[in-house]
Structures are given as structure tokens and as C-alpha cells.
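This one's a predicted model, so the numbers in the text were calculated from it and none came from an experiment. When a ligand or atom number is given, it counts from 1 through the structure's own listing order.
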Amino acid sequence: MAPFIVIEGIDGSGKGTQAELLRKRLEGGGVDVALTFEPTRGPIGRIIRDHMKDPFLDDRTLALLFAADRIEHIEKEVSPALSEGRTVISDRYAYSSIAYQGQTVDPDWVGVVNSDALRPDLVVVLDMGSSEVRGRIEGRGTVDCFEEDLSFLEGVRDMFLSMSGGDHLPENLMTRFLVLDATEDPEKISDVIWKSVTSISSP
Ligand code: TYD
């Protein structure tokens with residue numbers, strides 16, 4: 001089975017850039033890649049994005065919607081690509097649910113509702129402080145409901161770090177973690193990710 005790689009981190013930590021650099025590198029070596037993301041562009045992803053602009057859902061409802069959107073993502077995009085032998089890179093996955101929804105809802109319950117999600121082979125966490133991402137987020141123009149609150153993002157960051165040590169993870173989400181300093185040069189970060197990906201692809 002081809003590898004399933006997840007890139008996580010707070011908003012503005014450079015996930016999209018790293019996902020794209022990794023895709024180019026893999027494709028340059030002749031590897032077929034499917035680059036995906038959550039929330040998806042599917043019907044549940046659309047409800048989530050509407051909520052993020054102007055919140056109207058209960059926090060637990062939102063956590064369940066993210067989990068439902070993830071099932072759609074796995075069934076319609078991730079699993080089919082992996083069975084065709086394509087390497088999947090996902091910009092966000094279940095770890096975002098535990099980190100973000102886990103700020104206001106019991107993170108262990110969020111783990112439970114994600115306890116049948118497909119296990120990735122590698123989770124890259126792009127670690128950065130909320131004050132460092134402020135400039136990057138503001139530079140984009142539009143901010144979602146989570147991006148506005150830097151202390152909330154600091155809690156999200158802490159949760160990503162504690163998950164990398166195994167906390168709050170259901171069994172299916174335990175895997176290899178690579179925590180990287182997202183303030184480093186993007187090319188340098190990409191080199192480290194590349195090394196880790198090549199080591200899982202050719203064990
Ligand atoms: P993001 O990756 O920033 O998408 P976009 O680039 O389209 O804005 O994700 C949108 C927001 O969704 C982001 O603030 C994190 C949040 N999120 C959760 O709260 N839980 C989740 O499970 C996922 C996947 C994302």
C-alpha cells in the first residue's frame with residue numbers, strides 16, 4: 001500500500017506550502033501523488049466552511065460534522081487513491097479535530113468519534129507560536145472564527161504537541177510523528193520531511 005502522509009499545524013504554519021513542496025518532490029521521482037485536504041469541498045465541508053465564516057453550530061455538532069466530512073474524505077478520496085498505488089498527502093486530518101474541537105469539547109470524546117479513521121503512516125506537525133502566525137494570517141485578508149483568537153490557537157498548538165507524545169489519541173491514530181519548527185526556512189523543512197517520507201516508503 002502506498003503511504004498516507006498528513007500535514008498538521010495551526011493556521012498560518014505553512015502546511016499548504018509544505019504539502020506542495022512534498023508533492024513536487026515525489027512527482028519528480030516518478031511517484032503518483034494525490035494531494036487532498038480537510039475540510040473537503042464536499043457537501044459537509046461546505047456546511048463547515050459556512051459555519052467558520054459566521055458560526056451557527058454547537059461545538060459538538062461541529063466536531064461530528066468534521067468527523068463525517070472525514071469519512072467522506074477517506075471513502076471518496078484517500079482510500080481509492082491509496083488502492084491505486086498513489087501516495088496521499090492530506091493537508092489536515094483527524095488530529096486537527098482533536099486539537100481544535102478539543103479546546104471546547106472533551107478531546108477524548110473527539111478521539112472516540114474519529115476512532116475508525118484510517119491510520120496515516122506519518123503525521124508532520126509544523127510547530128509555531130500563535131504570535132508568529134499572526135502576520136501570516138492577517139496578510140491573507142479573510143480570517144475564520146478560529147484564526148481570530150490567538151490564545152485559542154496557542155491551546156491548539158499545545159494539543160498538537162501533546163498528541164505527538166501520544167496523549168488523547170485513539171489507537172487508530174497512533175503513528176509516527178515528526179514535529180518541526182515551522183519558523184525555519186521552508187526548503188530546509190521540506191528536506192527533513194523528504195528524508196522521513198523516503199524512510200517510510202523504503203523501509
Ligand atoms: P484550513 O486548513 O485553514 O482551510 P482553509 O485554508 O480553506 O481556510 O482549515 C479551516 C479551519 O478548519 C482551520 O481553522 C482549522 C479548522 N479545522 C478544525 O477545527 N477541525 C478539523 O477537524 C479540521 C480538519 C479543520
Side-chain angles (χ1 to χ4, degrees), residues 4-20 22-23 35-78 88-120 123-130 132-160 163 168-170 172-173 182:
F4 173 27
I5 299 151
V6 167
I7 305 194
E8 293 279 12
I10 59 173
D11 309 78
S13 58
K15 294 181 300 339
T17 303
Q18 288 306 325
E20 195 51 44
L22 180 58
R23 181 180 69 78
L35 181 51
T36 70
F37 51 86
E38 294 184 2
T40 68
R41 291 222 171 91
I44 299 162
R46 274 201 296 277
I47 302 173
I48 293 172
R49 285 178 198 284
D50 282 348
H51 167 89
M52 305 295 278
K53 279 184 241 148
D54 190 9
F56 54 90
L57 295 165
D58 177 84
D59 291 342
R60 282 167 307 157
T61 310
L62 182 64
L64 292 170
L65 283 177
F66 271 117
D69 187 46
R70 186 157 302 119
I71 292 173
E72 292 293 298
H73 182 216
I74 296 165
E75 292 305 317
K76 300 197 173 139
E77 298 182 62
V78 179
V88 175
I89 306 170
S90 182
D91 180 343
R92 296 197 185 277
Y93 193 57
Y95 308 91
S96 278
S97 281
I98 298 172
Y100 283 79
Q101 280 60 63
Q103 297 302 309
T104 52
V105 173
D106 177 4
D108 296 329
W109 178 78
V110 180
V112 169
V113 298
N114 284 280
S115 59
D116 63 352
L118 188 66
R119 186 195 314 274
V123 179
V124 177
V125 176
L126 297 175
D127 179 49
M128 204 174 200
S130 59
E132 287 150 331
V133 299
R134 181 198 286 267
R136 295 192 188 190
I137 293 172
E138 285 170 357
R140 283 186 196 161
T142 53
V143 287
D144 70 37
C145 61
F146 294 145
E147 292 167 342
E148 287 165 356
D149 185 344
L150 293 186
S151 68
F152 178 90
L153 287 182
E154 206 53 52
V156 173
R157 176 200 195 184
D158 289 345
M159 192 65 98
F160 278 130
M163 275 187 279
H168 302 298
L169 293 180
N172 61 310
L173 295 178

Inset, instruction - May I ask you to list the atoms of ligand 1 that are less than 4.0 angstrom from any heavy atom of Q101? - result: 18 (C), 19 (O), 20 (N), 21 (C), 22 (O)
Inset, instruction - Kindly confirm or rule out an N or O of R49 lying under 3.5 angstrom from an N or O of ligand 1. - result: yes
Inset, instruction - Determine, counting only non-hydrogen atoms of the protein, whether one lies under 4.0 angstrom from atom 14 (O) of ligand 1. - result: yes
Legend entry - Per-atom contacts, ligand 1 versus D144 - under 4.0 Å to a heavy atom: 10 (C), 11 (C), 13 (C), 14 (O)
Inset, instruction - Using only heavy-atom distances, determine whether the side chains of D144 and T142 contain a donor-acceptor pair under 3.5 Å. - result: no
Inset, instruction - Flag R70 as yes when one of its N or O atoms lies below 3.5 Å from any N or O atom of ligand 1, and as no otherwise. - result: yes
Legend entry - salt bridge (charged side-chain N to carboxylate O under 4.0 Å, His left out), paired with E38, selected from K15, R49, R70: R70
Legend entry - Protein contact to atom 22 (O) of ligand 1 [nearest heavy atom, distance to 0.1 Å]: S97 OG, 2.6 Å
Inset, instruction - Measure up the Y100 and F152 rings against each other and bin them: parallel (under 30°), tilted (30 to 60°), perpendicular (over 60°). - result: tilted
Legend entry - Min N/O separation K15 to ligand 1 under 3.5 Å: no
Legend entry - Protein contact to atom 9 (O) of ligand 1 [nearest heavy atom, distance to 0.1 Å]: R92 NE, 3.4 Å
Legend entry - Protein residue, atom and distance nearest to atom 23 (C) of ligand 1, heavy-atom basis: F66 CE2, 3.2 Å
Legend entry - Any side-chain donor near an acceptor of the partner, N114 and Y93, under 3.5 Å: no
Inset, instruction - Consider only side-chain N and O atoms of D69 and T40, and report whether a donor and an acceptor are under 3.5 Å apart. - result: yes
Legend entry - Gap separating the CD atom of Q101 from the CG atom of L62, nearest 0.5 angstrom: 4.5 Å
Legend entry - Under 4.0 Å to a heavy atom of D11 - the qualifying atoms of ligand 1, by number: 3 (O), 13 (C), 14 (O)
Inset, instruction - Measure the spacing between CG of D127 and CZ of R157 and express it to the nearest 0.5 Å. - result: 4.0 Å
Legend entry - Charged N-O contact under 4.0 Å between D106 and R60: no
Legend entry - Element-labelled atoms of ligand 1 that are located less than 4.0 Å from some non-hydrogen atom of M52: 11 (C), 12 (O), 14 (O), 16 (C)
Inset, instruction - Below 4.0 angstrom from a heavy atom of S96, which ligand 1 atoms are there? Numbered from 1 as shown, please. - result: 20 (N), 21 (C), 22 (O), 23 (C), 24 (C)
